[in-house]
Number of protein chains: 2
Amino acid sequence: MKLSTKGRYAVTAMMDLAIHDRIGPVTLADISQCQGISLSYLEQLFAKLRKHGLVEGVRGPGGGYRLAKPADRITVANIITAVDENVDVTRCQGNEDCQQGDRCLTHELWKDLSQQLYSFLDGITLAQFANRPEVQAVARRQDREINRHHFIFSRTAA
Amino acid sequence: MKLSTKGRYAVTAMMDLAIHDRIGPVTLADISQCQGISLSYLEQLFAKLRKHGLVEGVRGPGGGYRLAKPADRITVANIITAVDENVDVTRCQGNEDCQQGDRCLTHELWKDLSQQLYSFLDGITLAQFANRPEVQAVARRQDREINRHHFIFSRTAA
DNA sequence: CTATTACCGACAGAACCACTCGGATTTTTT
DNA sequence: AAAAAATCCGAGTGGTTCTGTCGGTAATAG
């Protein structure tokens with residue numbers, strides 16, 4: 001388990017997808033502009049998310065990314081492990097005899113804590129965020145706006 | 001909230017201190033050898049832990065580090081924030097009008113998740129690890145060993 | 001006095017992060 | 001058919017963090 005800005009970017013971007021899931025795919029350009037992350041960097045993150053079956057891309061104009069599974073089946077732990085594939089285990093990989101047989105029981109304790117943390121984050125789904133009343137309200141307003149712009153201007157010109 | 005190898009090292013080292021707290025200070029050389037971390041790197045970590053009032057150093061032969069507070073008053077969150085002082089907030093620091101006023105509500109959601117994570121780790125104390133029966137058993141055996149070596153050889157020669 | 005330990009700062013290589021650039025491919029619109 | 005919008009792809013880069021080395025000073029126990 002590891003937690004860096006990379007993971008945060010991935011999680012917030014996925015929240016964005018979950019919120020606007022109903023009106024179709026969201027472009028990386030939108031997320032880039034909205035969240036202040038570079039487009040190319042987002043592309044790299046989404047390549048990993050796609051390989052892990054969390055999102056699917058839609059090419060061409062009007063395309064973008066959408067969730068590959070219902071939002072209540074995607075957990076925060078899923079997202080973080082998808083982009084931070086570095087498992088980064090203890091120094092004495094598996095072989096527990098790192099020092100006089102039993103000295104390094106702290107490694108066991110850490111593994112236990114790490115597992116607790118994973119379980120915690122695995123219990124939090126994207127749906128839990130997207131279904132909040134205040135989120136629904138804002139999302140609906142934005143969706144209308146986006147639809148209007150789809151007809152008049154291009155969407156990203158908003 | 002951030003979680004890297006640095007934080008893991010700090011937490012496992014602090015677990016070590018908590019486990020052997022009863023027999024006095026633990027030297028960094030011991031932790032270094034036991035956990036496979038370089039001595040100088042440990043020194044850097046413990047300088048931060050000391051500045052945050054989590055440990056106190058004892059100089060001279062027989063010295064080392066010991067917990068500055070009872071183990072049930074030191075949480076995992078305390079340790080991690082002590083060594084990873086990087087708070088690393090959202091891109092639009094505080095000013096919520098990062099994009100068209102309300103677009104970036106994902107930042108709010110992330111802040112909420114981050115807070116949940118902190119609370120979770122803040123609920124886990126060193127004592128919860130040190131007080132486990134299996135830990136107690138191993139620690140007692142090790143302590144005896146260390147005491148014996150204190151008289152016959154030097155402690156690190158074990 | 002000597003050995004042991006914490007303390008301190010500078011530095012250096014390696015790895016990783018965040019990002020850029022230049023393209024190629026697919027699809028919709030015109 | 002042409003143009004534009006979007007995903008895809010890989011190479012490369014500057015900066016930071018990680019990990020560790022080295023050399024030294026200060027305090028303390030025996």
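Numbers restart at 1 for each chain; the letters A, B, ... are given by sequence-line order, proteins then strands.
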- [ ] Take atom NZ of B:Lys48 and atom C1' of C:dC7, then tell me their distance rounded to the nearest Å.
- [x] 16 Å
Task: Euclidean distance, atom CG of residue A:Leu3 to atom C1' of C:dC17 [Å, nearest integer] - done: 14 Å
Task: Closest-nucleotide ordering on DNA chain D, the 5'-leading residue of A:Lys51 and A:Gly60 - done: A:Gly60
Task: 5′-ward residue of the pair A:Arg59/B:Leu39 relative to DNA chain C - done: B:Leu39
TODO: Give the rounded distance in Å between these two atoms: CZ of A:Arg66 and P of C:dT27.
DONE: 13 Å
Task: Protein-nucleotide distance (B:Leu49, atom CG; C:dA6, atom C1'), rounded to Å - done: 14 Å
- [ ] Tell me which nucleotide among D:dG20, D:dT28, D:dC8 gets nearest to the side chain of A:Glu43.
- [x] D:dC8
Open item on the list: Are A:Leu109 and B:Ile19 packed together at the side-chain level, in the sense that at least one heavy-atom pair is separated by less than 4.5 angstrom?
Closed with: yes
- [ ] Tell whether A:Gln44 reaches the base of C:dT20 with its side chain through a donor-acceptor pair below 3.5 angstrom.
- [x] yes
Open item on the list: At 4.0 Å (heavy atoms only), tell me whether A:Leu28 reaches a base, stays on the sugar-phosphate, or touches nothing.
Closed with: sugar-phosphate
Open item on the list: Using OP1 and OP2 only, check whether a side-chain N or O of A:Tyr41 sits under 4.0 Å from C:dC19.
Closed with: no
Open item on the list: With a 4.5 Å cut-off on side-chain heavy atoms, are B:Ile124 and A:Leu113 touching?
Closed with: yes
- [ ] Just say parallel, tilted or perpendicular for the rings of A:Phe46 and A:Tyr65, cut-offs at 30° and 60°.
- [x] tilted
TODO: Check every atom of D:dA4, D:dC9, D:dT7 against the side chain of A:Arg50 and return the nucleotide holding the closest atom.
DONE: D:dC9
Task: Whole-Å gap separating C1' (D:dC9) and CZ (A:Phe46) - done: 16 Å
- [ ] Side chain of A:Lys6 only, please: which of C:dC17, D:dA5, D:dA29 is the nearest?
- [x] C:dC17
- [ ] Output yes when at least one side-chain N/O atom of B:Ser40 is less than 4.0 Å from OP1 or OP2 of D:dC22, else no.
- [x] no
Task: Cationic N near anionic O, under 4.0 Å, A:Glu56 to A:Arg66 - done: yes
TODO: Look at B:Thr27 and C:dT4 and indicate whether a side-chain polar atom (N or O) is within less than 4.0 Å of OP1 or OP2.
DONE: no
Open item on the list: Whole angstroms only, please: what is the CD-C1' distance between B:Glu56 and C:dT5?
Closed with: 15 Å
Task: Between D:dG20 (C1') and B:Leu45 (CG): distance, integer Å - done: 12 Å
Open item on the list: As a test of reading the structure: which of C:dC17, C:dA3, D:dT21 is closest to the side chain of A:Asp84, going by heavy atoms?
Closed with: C:dC17
Task: Short side-chain N/O contact from A:Ser4 to OP1 or OP2 of C:dC17, under 4.0 Å - done: no
- [ ] Under the side-chain hydrogen bond (donor to acceptor under 3.5 Å, both in side chains) rule, what do A:Thr75 and A:Asp122 come out as? Steps first, then yes or no, please.
- [x] CA-CA 5 Å; A:Thr75 71; A:Asp122 203 42; 2.8 Å; yes
TODO: Would you mind checking if A:Lys48 and A:Asp84 are paired as a salt bridge, meaning a charged N to carboxylate O distance below 4.0 Å?
DONE: no
- [ ] Taking only the side-chain heavy atoms of B:Tyr65 (C-beta and beyond), determine which of C:dC17, D:dA11, C:dA6 contains the nearest atom.
- [x] C:dA6
TODO: Would you kindly give the CD1-to-P distance between A:Ile31 and D:dA6, to the nearest whole Å?
DONE: 12 Å
